[in-house]
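Basis for what follows: all heavy atoms, side chains included, without hydrogens, waters or symmetry-related copies. Just so we're on the same page: letters track the sequence lines, and every chain starts at 1.
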Protein chains: 2
Amino acid sequence: MPSLLTIGRIAKLAEVNIETVRYYERRGLLPAPPRTVSSYRLYGDQSVARLRFIKQAQALGFTLEEIGELLALRVDAETSCDVVRQRAERKMADVAEKIRSLQAIQGALAELIAACALGGPEGECPFLASLEKQPIVKETEQ
Amino acid sequence: MPSLLTIGRIAKLAEVNIETVRYYERRGLLPAPPRTVSSYRLYGDQSVARLRFIKQAQALGFTLEEIGELLALRVDAETSCDVVRQRAERKMADVAEKIRSLQAIQGALAELIAACALGGPEGECPFLASLEKQPIVKETEQ
DNA sequence: ATACACCCTGTACTATACTACAGAGTCAAG
DNA sequence: CTTGACTCTGTAGTATAGTACAGGGTGTAT
């Protein structure tokens, strides 16, 4: 029995502002829910999960636009399985990359903590070394 | 021999806008570099690494303020080892949490791809199930 | 000695993601 | 049947993180 919730209710449950819920609806991130005769929105509890997912994905550096793309990943009349799989695989690569970056930062923090334990106070920041990425950049002039 | 770079140079190397470099300086994320007699900024190449780190951390959902805190993690005259270690450990927890969230999303994407391979088209989005987090929320009224 | 690409400061504009009203209607309790 | 908490739409304001000039100086290649 999926309970019906007002906008104030889901906002509180998902720990977001009421206005944010309406904003996400405008942005197309939250489907427009059914209304009462007096135009009150009535949500099911999957909406709460959806709101939490959005918040969480944002904290991971996804923009609302990207989050919309993630949430839209489903097979339907307009979208074949193949297309969905391709998109999902691209997102997977993004996510894997983010995980790698976070692990690098984790490593740098561990190093910092370890160095601290040894009592050897530091000068330079270990983060800068933690990200040996595309160091090759072609210079067009001297 | 650490080469000396103008602002335009490091901006290009780090793939950011020149104005962004100056903005980070104002924000205190990038130390004010030495200047030539004619007030041109001259950077060493660690500045490029720093810019890249900032960009990367942003893509992981850290705000510039949080990035500043990360970059400030070092032992010096004002900050004891103990304090630095404590802060680093708190950041570690944040990072670990982010990694867990990303792994949940990764799992949901894998599920989606797998379901697709089985030819079973989907209705509901697997992400919503991927984040069984604080589901306990106390309600003060009925 | 002048053209062109570069740099300076300062201020103003932009995009994204909210957040806060104003003014009006709704609903439940006493 | 009214009071207080809630909801509605619409519009405007805010914070964060840039980005874009204007107006002026610099550096060097021809």
Side-chain angles (χ1 to χ4, degrees), chain A residues 3-44 47-48 50-71 139-142, chain B residues 3-44 47-48 50-71 139-142:
Chain A
S3 51
L4 289 183
L5 306 159
T6 59
I7 192 169
R9 228 80 138 73
I10 61 158
K12 187 163 279 180
L13 287 168
E15 290 164 278
V16 299
N17 195 308
I18 286 186
E19 324 278 355
T20 303
V21 179
R22 286 196 274 252
Y23 175 67
Y24 287 169
E25 183 178 323
R26 280 202 301 286
R27 289 284 310 245
L29 289 172
L30 206 58
R35 304 289 190 107
T36 67
V37 281
S38 45
S39 305
Y40 282 26
R41 291 167 179 81
L42 284 181
Y43 297 92
S47 297
V48 179
R50 203 167 168 110
L51 283 173
R52 288 208 183 116
F53 174 76
I54 295 169
K55 276 206 344 174
Q56 202 180 321
Q58 268 191 306
L60 297 170
F62 294 98
T63 64
L64 291 188
E65 180 148 1
E66 290 170 323
I67 294 167
E69 285 164 21
L70 278 173
L71 288 169
E139 279 280 18
T140 30
E141 31 156 50
Q142 217 299 325
Chain B
S3 50
L4 287 184
L5 305 159
T6 60
I7 193 169
R9 228 79 139 78
I10 61 158
K12 187 164 279 179
L13 287 169
E15 289 164 281
V16 300
N17 196 307
I18 286 186
E19 324 279 354
T20 304
V21 179
R22 287 196 273 250
Y23 175 66
Y24 288 167
E25 183 179 323
R26 282 203 298 286
R27 288 282 311 247
L29 289 172
L30 206 58
R35 304 288 190 109
T36 66
V37 280
S38 46
S39 305
Y40 283 26
R41 291 168 178 82
L42 284 181
Y43 297 92
S47 297
V48 178
R50 204 166 170 110
L51 284 173
R52 289 206 183 117
F53 174 76
I54 295 170
K55 276 207 344 173
Q56 201 180 321
Q58 268 191 307
L60 298 170
F62 294 98
T63 63
L64 290 188
E65 180 148 2
E66 290 170 323
I67 294 167
E69 285 164 22
L70 279 173
L71 288 169
E139 279 280 18
T140 29
E141 30 158 50
Q142 215 299 320

dA15(C) phosphate, OP1 or OP2, under 4.0 Å from R27(A) side-chain N/O: no
Touch class at under 4.0 angstrom, heavy-atom based, for T36(B) against every strand present: nothing
Reported OH-to-CG distance for the pair Y40(A) and L4(A), which is rounded to 0.5 angstrom: 15.5 Å
Separation of atom CG in L30(A) from atom P in dC18(C), rounded to whole Å: 12 Å
Approximate separation, where rounding is to 0.5 Å, of L5(A) CG and K12(A) NZ: 12.5 Å
N/O (side chain, T6(A)) to phosphate O (OP1/OP2, dT7(D)) under 4.0 Å: yes
5′-ward residue of the pair F62(B)/V37(B) relative to DNA chain D: F62(B)
Between C1' of dT26(C) and CG of L42(A), the distance in whole Å: 13 Å
Nearest-neighbour nucleotide for the Q58(A) side chain, dG27(D), dG18(D), dA17(C) considered: dA17(C)
Protein-nucleotide distance (Y43(B), atom OH; dC7(C), atom P), rounded to Å: 10 Å
Close side-chain approach of E66(A) and L70(A), heavy atoms under 4.5 Å: no
Residue E19(B), side-chain heavy atoms: nucleotide from dA20(D), dC7(C), dG18(D) that is nearest: dA20(D)
Residue-phosphate contact under 4.0 Å: R26(B) side-chain N/O, dT11(C) OP1/OP2: no
pair L71(A)-I54(A): side-chain heavy atoms closer than 4.5 Å: yes
Rounded interatomic separation in angstrom, taking CD from E25(B) and C1' from dG10(C): 14 Å
Spacing of K55(A) atom NZ relative to dA17(C) atom P, expressed in whole Å: 16 Å
Separation of dT16(C) P from E66(A) CD (nearest whole Å): 12 Å
Contact nearer the 5' end of DNA chain C, comparing Y24(A) with I7(B): I7(B)
Closest-nucleotide ordering on DNA chain C, the 5'-leading residue of Y23(A) and Y40(A): Y23(A)
Partner of Y23(A) under side chain to side chain donor-acceptor pair (under 3.5 Å), chosen from R26(A), E25(A), R27(A), E19(A): R27(A)
N17(A) CG to dT19(C) C1', straight-line distance once rounded to whole Å: 6 Å
Nucleotide nearest S38(A) when distance is taken to its side chain, options dT19(C), dA17(D), dT26(C): dT26(C)
Under 4.0 angstrom between T20(A) side-chain N/O and dT19(C) OP1 or OP2: yes
Sugar-phosphate, base or nothing in reach of R41(B), heavy atoms under 4.0 Å: sugar-phosphate
Between P of dT26(C) and CZ of R9(A), the distance in whole Å: 21 Å
